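On a predicted model such as this, the values are computed, not experimentally measured, just so you know.
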Amino acid sequence: MVKQTRKILLAILLGVIAFGVMIAFFTLEQSLMVAVIVLMVTLWTNEGLPLAVVSLLPIVLFPATGILSTKETAVNYANPIIYLFLGGFLIAIAVEKTGLHKVIASRMLDLFPNSVRGIIFALIITSGLLSSILSNTTTTLLLLPIALFLTEDVKLKMRFALSIAYGASIGGILTPIGTPPNLILLGIMNEMGMEAIPFVQWMYMVAPLVFLMFIAVGYILGAGVKNLYIEADLSNKTLTADQKKVVYLLFGLIILLLVNAPIKPYYNGLGLSEPGILLAAGLLLFVPPFSILEWMDDKESIPYRIMFLFGAGFAIAAAVTKTGMAEEIASHLMGFANMPMILFLLIIAAMITFTTEITSNTALISIMLPILYKVAEQTGMDATLIMMVATVCASYAFMLPIATPPNAIAMSSGAVSVKTMATYGIMFNLMGILLIVTIARSLWIQLL
């Protein structure tokens, strides 16, 4: 209790200090907002309070400080994107409950040679693909025990653990539901009245980046190892009746998303709501003939705390816009806006990537996206392009354990040291920045 009290007092102290510094440059309302954000980010980081409790604080603190009314704050906790996530997570629960993820992992490993490098690539790709439909936290927790079981060699354990953690972060951006920053981007685009990026178009845009990062990370983690071969018993390859039901649902969902996606100017799609499609697919799992999920048994697996976290992120974004802080910071970023687009994107990418190493990517992207929208609005730049670059960079932080949940899980396994993670991580950070900006400037700019 004493330790927890100290963490809470530290968060309050940092909030007060932030207010004292900000009041010299910004308005009272803006300074109070920064203080609240610093308080929340500190509590998220040092775990002084449970994540869900901290995520609900805006509903209390924003009205109390006059930043937003209760209604203006609470409405962010019912953003349609939250229900897209809920539908996706119900599917993820069914995948875990039926053990389908183990079959997928087993079959993926069969596609690669059982050399050390082959297993590294198998783990990276399996982790990445699963993270595109499951949370990267869940994926890492599920696969890490399998990876550590494959060998007793300490150095190989380290490489396998990093393969799963980095693969989960890399693959999480492959779909809009793969990682929280993606969903926050879609939610903020909806709030700003911007045209949403269709599910299939999103995947088409980021697939080259994910593929190149898979190859680069696999090659580097596999460098310097002897051509050892590892024998592992992963014989779980036969689908049960329940697993087949989930597979059928997944295929049906993918087909519906493909048909629903517009291909402009040739096809306008079905016009169905993607959050509605995902939620409907998740709810079908409770209904015959599926009957995979049962509310009394599975409701505990629904990550309400993450849903609250999304709500907090959207509330922070709304506060940044309402208080005019977005315009203030945007005016400072305007100084970089006259430089060539590629240099501006590099600055944004580097700023987001390395800031994410020490703070919540969810909170950071919630703050930055409204600001970047204002910069684009005032300069005539493509807002979607800039916001997309920032969003992807928020998931591509590989240096420190606190940067992403997969990093923290890999560290907690005891197989990875901070020094090792930072050594590999800085290489992958820089590689990610360069690849993201290059692909954004060459491919995304043509599609958005």
Side-chain angles (χ1 to χ4, degrees), residues 1-77 180-181 184 188 305-333 351-352 354-372 394 397 400-405 408:
M1 184 178 293
V2 174
K3 187 176 181 180
Q4 183 184 19
T5 302
R6 287 176 179 174
K7 291 178 178 180
I8 295 172
L9 290 176
L10 174 63
I12 294 172
L13 176 62
L14 291 177
V16 171
I17 292 173
F19 175 79
V21 173
M22 291 296 107
I23 197 65
F25 304 97
F26 301 102
T27 66
L28 175 63
E29 192 179 47
Q30 292 169 345
S31 301
L32 286 169
M33 183 198 67
V34 171
V36 171
I37 292 173
V38 169
L39 170 72
M40 292 176 60
V41 170
T42 305
L43 289 173
W44 272 326
T45 304
N46 68 10
E47 298 180 340
L49 289 172
L51 184 145
V53 173
V54 180
S55 298
L56 289 171
L57 286 179
I59 300 177
V60 177
L61 297 180
F62 282 174
T65 52
I67 297 169
L68 294 174
S69 69
T70 301
K71 182 177 181 180
E72 288 173 325
T73 308
V75 72
N76 294 285
Y77 291 77
I184 290 172
I188 291 177
R305 63 194 189 110
I306 303 299
M307 295 167 68
F308 292 152
L309 179 64
F310 285 148
F314 294 137
I316 289 172
V320 169
T321 301
K322 176 77 179 295
T323 59
M325 179 62 84
E327 288 86 347
E328 287 284 345
I329 301 179
S331 66
H332 293 291
L333 287 176
M351 178 177 69
I352 296 293
F354 286 101
T355 305
T356 301
E357 293 287 356
I358 57 172
T359 189
S360 158
N361 62 359
T362 304
L364 176 66
I365 211 64
S366 299
I367 295 167
M368 288 304 302
L369 289 184
I371 293 170
L372 295 175
L400 299 177
I402 62 172
T404 64

Taking all non-hydrogen atoms of both residues into account, name the closest pair between [X] and [Y] and its distance.
X      : Y     : result
Ala315 : Thr73 : CB-CG2, 4.1 Å
Ala319 : Phe62 : CB-CE1, 3.8 Å
Ala18  : Ala35 : CB-CA, 4.4 Å
Val38  : Gly15 : CG1-N, 4.0 Å

| query | Of Leu32, Val36, Ile37, which is the lone residue that meets side chain to side chain contact (heavy atoms under 4.5 Å, CB included) with Leu61? | reply | Val36
| task | Can you spot which of Ile184, Ile188, Thr356 makes a side chain to side chain contact (heavy atoms under 4.5 Å, CB included) with Ile365? | result |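 Exactly one option meets the side chain to side chain contact (heavy atoms under 4.5 Å, CB included) with Ile365, and it is Ile184.
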Answer yes or no: is there a side-chain heavy-atom contact under 4.5 Å between [X] and [Y]?
X      : Y      : result
Leu56  : Tyr77  : yes
Val320 : Ile371 : yes
Met40  : Pro58  : yes
Ile352 : Met368 : yes
Lys322 : Glu72  : yes
Phe314 : Val75  : no
Met33  : Glu29  : no
Phe26  : Val34  : no

| query | Hey, does the side chain of Ser31 reach the backbone of Ile23 with a donor-acceptor pair shorter than 3.5 angstrom? | reply |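 At least one qualifying donor-acceptor pair exists.
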